[in-house]
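As structure tokens, the structure follows; a few thoughts come after it.
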Amino acid sequence: MSEALIIGIVVFVLAAFVGFEVITKVPPTLHTPLMSGANAISGITLVGALATAAAGAGALASFLGFLAVTTATINVVGGFMVTDRMLGMFRKKPK
Amino acid sequence: MSEALIIGIVVFVLAAFVGFEVITKVPPTLHTPLMSGANAISGITLVGALATAAAGAGALASFLGFLAVTTATINVVGGFMVTDRMLGMFRKKPK
Amino acid sequence: MTELLYLLAAVLFILGLKRLGHPRSARSGNLLAATGMLLAVLVTLVDLQVVSWLVVIAGLAAGTGIGAMLAVRVQMTSMPELVAAFNGFGGAASALVALAETLRAGAETIPAETGVTAVLSVAVGAVTLSGSFIAFGKLQGILPGRPIGFGGTNALNAGLVGVAAVVATWAVIGGSMTPYWLLAAVALLVGILGVLPIGGADMPVVISLLNSCSGLAAAAAGFVISNSALIIGGALVGAAGLILTFQISEGMNRSLANVLFSKFGVGEGGGQAGDAAAVQRASVDDVAITLGYANSVIVVPGYGMAVAQAQHALHDVADALEARGVEVNYAIHPVAGRMPGHMNVLLAEADVPYEQLLDLDQSNPKFAQTDVVVVVGANDVVNPSARTDTSSPIYGMPILDVDRAKTVVVIKRSLSPGFAGIDNPLFYLDNTLMLFADAKEALEGLARSVVEV
Amino acid sequence: MTELLYLLAAVLFILGLKRLGHPRSARSGNLLAATGMLLAVLVTLVDLQVVSWLVVIAGLAAGTGIGAMLAVRVQMTSMPELVAAFNGFGGAASALVALAETLRAGAETIPAETGVTAVLSVAVGAVTLSGSFIAFGKLQGILPGRPIGFGGTNALNAGLVGVAAVVATWAVIGGSMTPYWLLAAVALLVGILGVLPIGGADMPVVISLLNSCSGLAAAAAGFVISNSALIIGGALVGAAGLILTFQISEGMNRSLANVLFSKFGVGEGGGQAGDAAAVQRASVDDVAITLGYANSVIVVPGYGMAVAQAQHALHDVADALEARGVEVNYAIHPVAGRMPGHMNVLLAEADVPYEQLLDLDQSNPKFAQTDVVVVVGANDVVNPSARTDTSSPIYGMPILDVDRAKTVVVIKRSLSPGFAGIDNPLFYLDNTLMLFADAKEALEGLARSVVEV
Ligand SMILES: NC(=O)c1ccc[n+]([C@@H]2O[C@H](COP(=O)([O-])OP(=O)(O)OC[C@H]3O[C@@H](n4cnc5c(N)ncnc54)[C@H](OP(=O)(O)O)[C@@H]3O)[C@@H](O)[C@H]2O)c1
Ligand SMILES: NC(=O)c1ccc[n+]([C@@H]2O[C@H](COP(=O)([O-])OP(=O)(O)OC[C@H]3O[C@@H](n4cnc5c(N)ncnc54)[C@H](OP(=O)(O)O)[C@@H]3O)[C@@H](O)[C@H]2O)c1
């Protein structure tokens, strides 16, 4: 196994533990926004998509890269915005 | 900054988060055993002590290595044993 | 430096997720996570040797435009399906990253261990994509909400997973692009056939599980391109999403396996209406008198309130009653409506005070001491057969025990069943009055009449 | 492979710590963590090119012998100081690892960034060592338990920390061993002067904080020798220990800063006894009658019960009372005795049923409905001046409100004060009876007399 793979595994396992521990008993009201926020975070794949798109290796790879950036950006931007909108509704508007 | 240092920092931060999250509200009865058990885990420095002692680089370094192995082993062996003894007393003995 | 900034972004994700779990801090948590994401993207753009800026900028612009438009435009009631759609896009992106990277590096030259992670990313990403869009379709009503499938669905799916495993092995050892494309196709099929047989009521669980998958796909893509931000962020969401999935299915009183493989609620879809002669009807004025002379009233809102957008009218009725000295509370069932928290959001929009919202455990002991319960467009969540009828598809689900109140008023348009497609014995009880009307119209009428009695 | 096995060991540590926090799983958690440690050590031994097996084996054997002997031999009442001693050894080991490694690699040749981590490891490890042994001395009674120090202690310590920082910088840029040795010496002094001014009652907090430090020292040593097991394990303990420290000081109703810098309980050490003429004395037989005809009795054990080893006699009295139909419970204050959980351990040893132990929140509402409270060798934890006397050193500490019971019986040898060195107004109340005797003797007498009344 390569060094990079091993380090990746160590980092993955630790981060997964953090993910498990960080979510404690969440009130049902917050299930949807939390799901939506976590979903936006999984759009971190955008960083990978940028790397791929930037490399510009051939038409097909570029096209895939473009698609990847677009879809990932939809996920990120839409995800955080809609979560914010949902959470905004929980707050009483000042009259 | 070297690659190794950066990876070390990433791993350190993630592990610290795990440590923070893993300890939730602990009943006072368990404060002492938990402290004692955590203390035994910090004896992991024994692994480093072994590496140093094994290298055998000169009398002084060897002596320091020997001391390090001894003190770390006291920490580890004594720590886990005394924790177990404490926790054993919490259990009702079967009559 | 890049790595440390990625770590900072990851820390922001962690703190954001943590805060998202608590009512007071949730909004700031979302902002924190978004800040982390912005940081990660900026760092990447600065750090990269960008060859084709055009592709990058076009992609970012298109994605931002589409994402923002969808997020702003969509109706409150459609938010769950929107989350599903976004999630599908995320899965697609991870699969595409792995495909593009394999293509760029050359399928012949990448080492086997990178191949393994690429294959994982493609497979999990594609399942997330197709599964999420089937969920979207079910919630939007494009596809029928009821489970679709035949006897051997589970077996067929198991077979497809086997095929995917073979194709994946081929990809890792074969050294050509063909099996990668094939794998993506098979995985898309697995996602479709895996979600179709699940009833629409369980979609929140499915979406949450697919969300966890999209995290894993991102982490796998991170291994392919050796990027720690993807690995950490993906692992975080993979794990947190899994825990959340268990919590959501627990809130619906279902086990995860049961949700995924049991075709819950194979009801007739449409469902037949009950016997209208057997119920006691009441007019708006009858109900106004009953309410006006009560001491305590509990309102139980359901999906019908959301459809009719009757939350403001409901608040007006409550105000009128409170002006007469009647005590008014709201009992919120955890799965009332079509997404967790649906009722809370709508009532908050109508400025109903947070303190008046009672959850299941708070409200159930109160019904026996309550004069009138008003059920506004709710059905399954107040169906007593969940307590008594072992053959009912919702048997065992904790419900709001409104039948214990002195009088129950049910406001709905007909005797049609709700989501689960089953009849409701509550409607035929001696202490139940049925007010057949659109929720908004009925409540507007009530608000006027209550003042006059 | 080594790295993955280290990761497995770290996972066992994490699971072990998690389980240690819950009563049912605590013991298995400790075993899990110990298994992880064994794994890490074996992996290291297999992986290393050991040059000097003699040094390695001698160290392991000596450490195991000493550690096991101490762990088995020590009295229950001395466990906190034993934990302190072990912790000191751990800190020493981390400092020694960093020193030996710097020596081996050559202080001239190691890069600055390794120097930084080496310096951290030496400094934190040395503070942990000396601080832990001062804590040990205070708890053992070798050093006086009361705070030792003079007005400028905090300032002096701040100055020493400054010196340490200068020496550390010298070490990083200087390229010789001298500043490393010097740093170790200064850090030892900081540990001594930092802990001396802290009262013995706060030692559990101090030990827990030093435990967190020893984790950080191990992590720093891990950076020096680039070992992920040390980094993960050390960071875990560093963070978990810090959280635990806050919880312990919270349990004692103190803030951490207050513990470290305020010289709490500068009382006269010995403390004077109160006025014996002002109290109502009672004999064993008087108390036996009072208890025998009560309906409900709550026992409040304290440090005196531990000293007298009176837990078995206490259980016999409770049995005799229960045979007469009297309801008996035990109220356990979180800091009764000399370590958290002290009373629970002793009562468990005497087979007192777990259900009869009430904590502070459970017992305080009960006292007003209780006929007789028996205080066995407790003092500070039932001192009402914590509620009322703003000048008292224990003002604000939550206490057991035993003075609210109909009758209070206090069993102790004299009117001498307890740990905090202050008099106790409880003893002079009209509803308090003092039974002056050794706790064990008094309770053995009571067990006999209660049967006869
Ligand atoms: N909360 C979630 O996360 C979630 C997600 C997916 C599924 N579900 C499922 O959805 C169901 C929720 O229960 P529920 O009691 O809220 O709703 P429900 O059982 O679906 O019943 C809603 C009722 O509202 C009535 N209605 C519809 N439009 C109306 C209008 N304009 N005015 C007045 N009434 C109207 C309908 O009767 P008429 O046609 O006679 O008017 C219908 O019976 C549960 O089965 C739950 O498992 C929940
Ligand atoms: N739990 C912890 O973690 C911890 C750690 C360190 C310090 N502390 C401190 O320790 C104190 C604990 O309070 P506490 O009420 O349990 O104990 P305490 O206030 O220290 O009082 C103990 C009493 O027991 C009596 N005693 C001693 N030997 C006895 C014997 N053989 N028979 C009968 N009585 C005997 C003593 O009075 P006579 O001499 O008159 O008999 C003394 O007044 C608190 O101040 C706490 O802050 C607690």
Side-chain angles (χ1 to χ4, degrees), chain A residues 4-5 8 11-12 15-16 18-20 22-23 26 28-39 41-57 61-62 64-84 86-87 89-90 92, chain C residues 13 17-18 20-21 26-27 30 33-34 40 44 48 50-52 55-56 59 62-64 66-67 70-71 83 86-87 89-90 92-94 96-97 100 103-104 113 208 211 214-215 218 221 223 225-226 229-233 235-237 239-241 243 248 251 334 339-341 344-345 348:
Chain A
L5 180 61
V11 168
F12 179 88
V18 177
F20 275 125
V22 102
I23 303 295
V26 177
T29 333
L30 286 179
H31 282 165
T32 306
L34 180 53
M35 191 201 312
S36 176
N39 169 40
I41 293 177
S42 74
I44 183 68
T45 200
L46 172 56
V47 163
L50 288 173
T52 323
S62 284
L64 293 182
F66 167 74
L67 275 189
V69 173
T70 310
T71 48
T73 310
I74 295 177
N75 187 187
V76 167
V77 174
F80 283 120
M81 281 180 71
V82 84
T83 310
D84 190 63
M86 268 186 232
L87 290 169
M89 296 215 184
F90 284 98
K92 271 198 68 173
Chain C
F13 291 161
L17 269 181
K18 206 174 150 72
L20 268 168
R27 205 168 181 186
N30 186 53
T44 309
L48 277 179
V50 181
V51 178
S52 31
V55 176
V56 168
T64 306
I66 299 174
L70 288 174
V83 174
F86 288 155
N87 193 43
F89 285 123
S94 294
L96 288 169
V97 167
L103 202 63
R104 194 188 61 72
E113 62 181 47
S208 178
N211 177 28
S214 77
F223 277 95
I225 61 169
S226 292
L230 265 69
I231 298 180
I232 301 179
L236 262 181
V237 176
I243 295 290
I248 294 179
M339 66 171 189
N344 304 61
V345 171

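A, B, ... follow the sequence lines: proteins, then strands. Residue 1 opens every chain.
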Which answer fits [X], side chain, backbone, both or neither, if we ask what part of it has an atom under 4.5 Å from a heavy atom of chain A?
{"X": "C:Ile232", "result": "both"}
{"X": "C:Leu17", "result": "both"}
{"X": "C:Leu48", "result": "side chain"}
{"X": "C:Val83", "result": "both"}
{"X": "C:Phe13", "result": "both"}

Nearest-0.5 Å distance that lies between atom [atom1] in [X] and atom [atom2] in [Y]:
{"X": "C:Ile243", "Y": "A:Phe20", "atom1": "CD1", "atom2": "CZ", "answer": "5.0 Å"}
{"X": "C:Leu96", "Y": "A:Leu67", "atom1": "CG", "atom2": "CG", "answer": "5.5 Å"}
{"X": "C:Leu236", "Y": "A:Ile44", "atom1": "CG", "atom2": "CD1", "answer": "10.0 Å"}
{"X": "C:Asn344", "Y": "A:Met86", "atom1": "CG", "atom2": "CE", "answer": "13.0 Å"}
{"X": "A:Thr73", "Y": "C:Ile66", "atom1": "OG1", "atom2": "CD1", "answer": "9.5 Å"}

* Flag the one option from A:Ala4, A:Gly48, A:Ala72 with the top tally of heavy-atom pairs under 4.5 Å to chain C. =>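 Of the options given, most contacts go to A:Gly48.
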* Heavy-atom pair count under 4.5 Å with chain C, highest-scoring of A:Leu34, A:Thr71, A:Asn75 ->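 Option with the top pair count is A:Thr71.
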Locate the shortest heavy-atom distance separating [X] from [Y]; write the atom from each residue and the value.
{"X": "C:Ala100", "Y": "A:Ala61", "result": "CB-O, 4.1 Å"}
{"X": "A:Ala15", "Y": "C:Ala235", "result": "CB-CB, 3.7 Å"}
{"X": "A:Ser62", "Y": "C:Val55", "result": "O-CG1, 3.8 Å"}
{"X": "A:Gly8", "Y": "C:Ile231", "result": "O-CG2, 3.8 Å"}
{"X": "A:Thr70", "Y": "C:Ala62", "result": "CG2-CB, 3.8 Å"}

Most contacts with chain A, counted as non-hydrogen pairs under 4.5 angstrom, among [options]:
{"options": "C:Pro334, C:Ser226, C:Gly241, C:Ala218", "answer": "C:Ala218"}
{"options": "C:Gly233, C:Ala40, C:Ala33", "answer": "C:Ala33"}
{"options": "C:Gly67, C:Gly59, C:Gly90", "answer": "C:Gly59"}
{"options": "C:Gly215, C:Ala221, C:Gly21", "answer": "C:Gly21"}

* **A:Asp84 (side chain) donor-acceptor with C:Arg27 (main chain) under 3.5 angstrom** =>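 No, because the side chain of A:Asp84 does not come within donor-acceptor range (under 3.5 Å) of the backbone of C:Arg27.
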* Asked: Quick one: does C:Asn211's side chain have a donor or acceptor within less than 3.5 Å of a partner on A:Met35's backbone?
  ->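 Here the side-chain-to-backbone pair exists.
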* Output all residues satisfying ring pair (Phe, Tyr, Trp, His ring centres under 6.0 Å) with C:Phe89, sequence neighbours left out; order by chain, then residue number. =>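 Result, ring pair (Phe, Tyr, Trp, His ring centres under 6.0 Å) vs C:Phe89: C:Phe133.
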* **Engaged part of A:Leu46 at the chain C interface, taking heavy atoms whose separation is under 4.5 Å** =>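 Just the side chain, heavy atoms under 4.5 Å.
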* Please flag which part of A:Val76 lies under 4.5 Å from any non-hydrogen atom of chain C: side chain, backbone, both or neither. =>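 Only the side chain of A:Val76 comes within 4.5 Å of chain C.
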* Asked: Are any non-hydrogen side-chain atoms of A:Leu87 and C:Leu20 less than 4.5 angstrom apart?
  ->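 Touching, per the 4.5 Å side-chain cut-off.
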* Got A:Val69 and C:Val56 here, is their nearest side-chain heavy-atom distance under 4.5 Å? ->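 A side-chain contact under 4.5 Å is absent here.
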